[in-house]
Asker: 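Before I ask anything, let me first share the structure, which is written out below as structure tokens.
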Amino acid sequence: MATVGIIPGDGIGPEITEATVRVLSAAAPYLSYEYIPVGHLIPGGEHDPLPDAAVAGIRRLGAALKAPLEAPRRTGRIVKVRPDGDRVYPSINNAVRRELDLFANVRPIHSVPGISSGPDLDFLIVREVSEGTYSGIEYRIGDDVAQAVKVVTRAAWERIAHFSFRLAVEQGYGRVILGHKANVLNLTDGLELEVVQDVARQYPEVELKDMMVDALGQAIVRGAVPRAVVLLDNQYGDILSDVAAGVTGSIGLGPGANFGESVAVFEACHGAAPDIAGTGRANPVGLILSGAMMLCHLGDAAAADAVEAAVETALRSVRTPDLGGTATTSDVADAVVEAVRAAAPSPARA
Ligand code: ATP
């Protein structure tokens, strides 16, 4: 019996979490859940939205499913007071990743048959999430000037490059594409490129290609990216994974996972969508597929495959408004649960 953490999140978070837990319970009945309040849902109102106890809880469990969190009201930022100096994070999602030393955000980009009229996409985005322009170092100099610092270190890029090449080998991608802008950001993106090229020499079976990130964006929209691990820094990865999710049909479809050395947090690639919270219009598929990634990480590839197949089956007839349908969040959960049960190979999942 494995126990995983559940962070219900803000906005549409609780609705899509409920839908996802129903699907996981059908596909992997042996799982149990420990709910970890983070963000605005913590009882008591204004407070630290990321208590140290929550971070410790996720670390202890080793794996958690996390719905999206909204930026803290008023400040937008998170400040963790520490004896060795305060840590300032530009958003709560960023704070969760960095407090847990999660450095790799993995976002599979796969077109679901029949959903999008756009090109078929099939690649895996690996986004470096420990530094870059989202390091939280921003200054306002008087009324009229503001600066943000882009941090790039050899250590972080060696770590993310090894992670990406290993993934390319393990999952049979055979190719890593680095998106960068080293022709303009010579020193920062230039260091990323230099480190990735160095690490690539240790993986002769994997081809390394590098592309200007703007050209890569255009290639994604035109369906011209070959099957590959696409490695991006924090900001480019944030932007291009939403673009790619949009090309596959809806931002509500994209799953994701954040990996550290010993902790993994699984989350959809969309935000808390406060504009549709409580309306039943939220598409739960991104979080459900993130749950499938978690099952795979826990070693149950069969249950993960069952959930993915059930989502494909359900989407043939049941779609939320972002996909042009009229189904509610819980209609989608019902259909996916039914498809999981219908395909159950053993009495354990019946
Ligand atoms: P963040 O900065 O946290 O990514 P955001 O406000 O930029 O947040 P989202 O919260 O992802 O972006 O919302 C962008 C748009 O996509 C909104 O109109 C929202 O309603 C829609 N959207 C996001 N997620 C879903 C979903 N799961 N189902 C349907 N629509 C969604």
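Order of listing sets the numbers, starting from 1, for every ligand and every atom in it.
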Asker: Exactly one of Arg87, Lys80, Arg59 should register a salt bridge (Lys or Arg N to Asp or Glu O under 4.0 Å) with Glu99. Which one does?
Answerer: Arg87
Asker: Ligand 1: which protein N/O atoms lie under 3.5 Å from its N/O atoms?
Answerer:
unit_1, atom_1, unit_2, atom_2, d
ligand 1, 10 (O), Ala272, N, 3.4
ligand 1, 10 (O), Ala273, N, 2.9
ligand 1, 11 (O), Gly271, N, 2.6
ligand 1, 18 (O), Asp275, OD2, 3.0
ligand 1, 20 (O), Asp275, OD1, 2.9
ligand 1, 20 (O), Asp275, OD2, 3.0
ligand 1, 24 (N), His270, ND1, 3.4
ligand 1, 27 (N), His270, NE2, 3.3
ligand 1, 27 (N), Asn283, O, 3.0
ligand 1, 28 (N), Asn283, N, 2.9

Asker: Taking only residues two or more places apart in sequence, or in another chain, which ones meet Arg166 in a side-chain contact (heavy atoms from CB on, under 4.5 Å)?
Answerer: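 If we apply the side-chain contact (heavy atoms from CB on, under 4.5 Å) test to Arg166, skipping adjacent residues, the hits are His162, Glu170, Tyr203.
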Asker: With sequence neighbours left out, write down each residue that passes side-chain contact (heavy atoms from CB on, under 4.5 Å) with Glu18, or none if nothing qualifies.
Answerer: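 For Glu18, the residues satisfying side-chain contact (heavy atoms from CB on, under 4.5 Å) (neighbours in sequence not counted) are Arg22.
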Asker: State whether Arg97 and Glu267 are salt-bridged, where the test is any N-O pair (Lys NZ or Arg NE/NH1/NH2 against Asp/Glu carboxylate O) under 4.0 Å.
Answerer: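 Looking at Arg97 and Glu267, the cut-off is met.
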Asker: How far apart are the C-alpha atoms of Asn93 and Lys66, what are their side-chain angles, what is the distance that settles it, and do they pass the side-chain hydrogen bond (donor to acceptor under 3.5 Å, both in side chains) test?
Answerer: CA-CA 10 Å; Asn93 293 306; Lys66 169 184 157 298; 2.7 Å; yes
Asker: Could you note down all residue pairs passing ring-ring contact (aromatic ring centres under 6.0 Å, His included) where residues 125-149 supplies at least one of them, sequence neighbours left out?
Answerer: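 Passing the test, one end in residues 125-149: no pairs.
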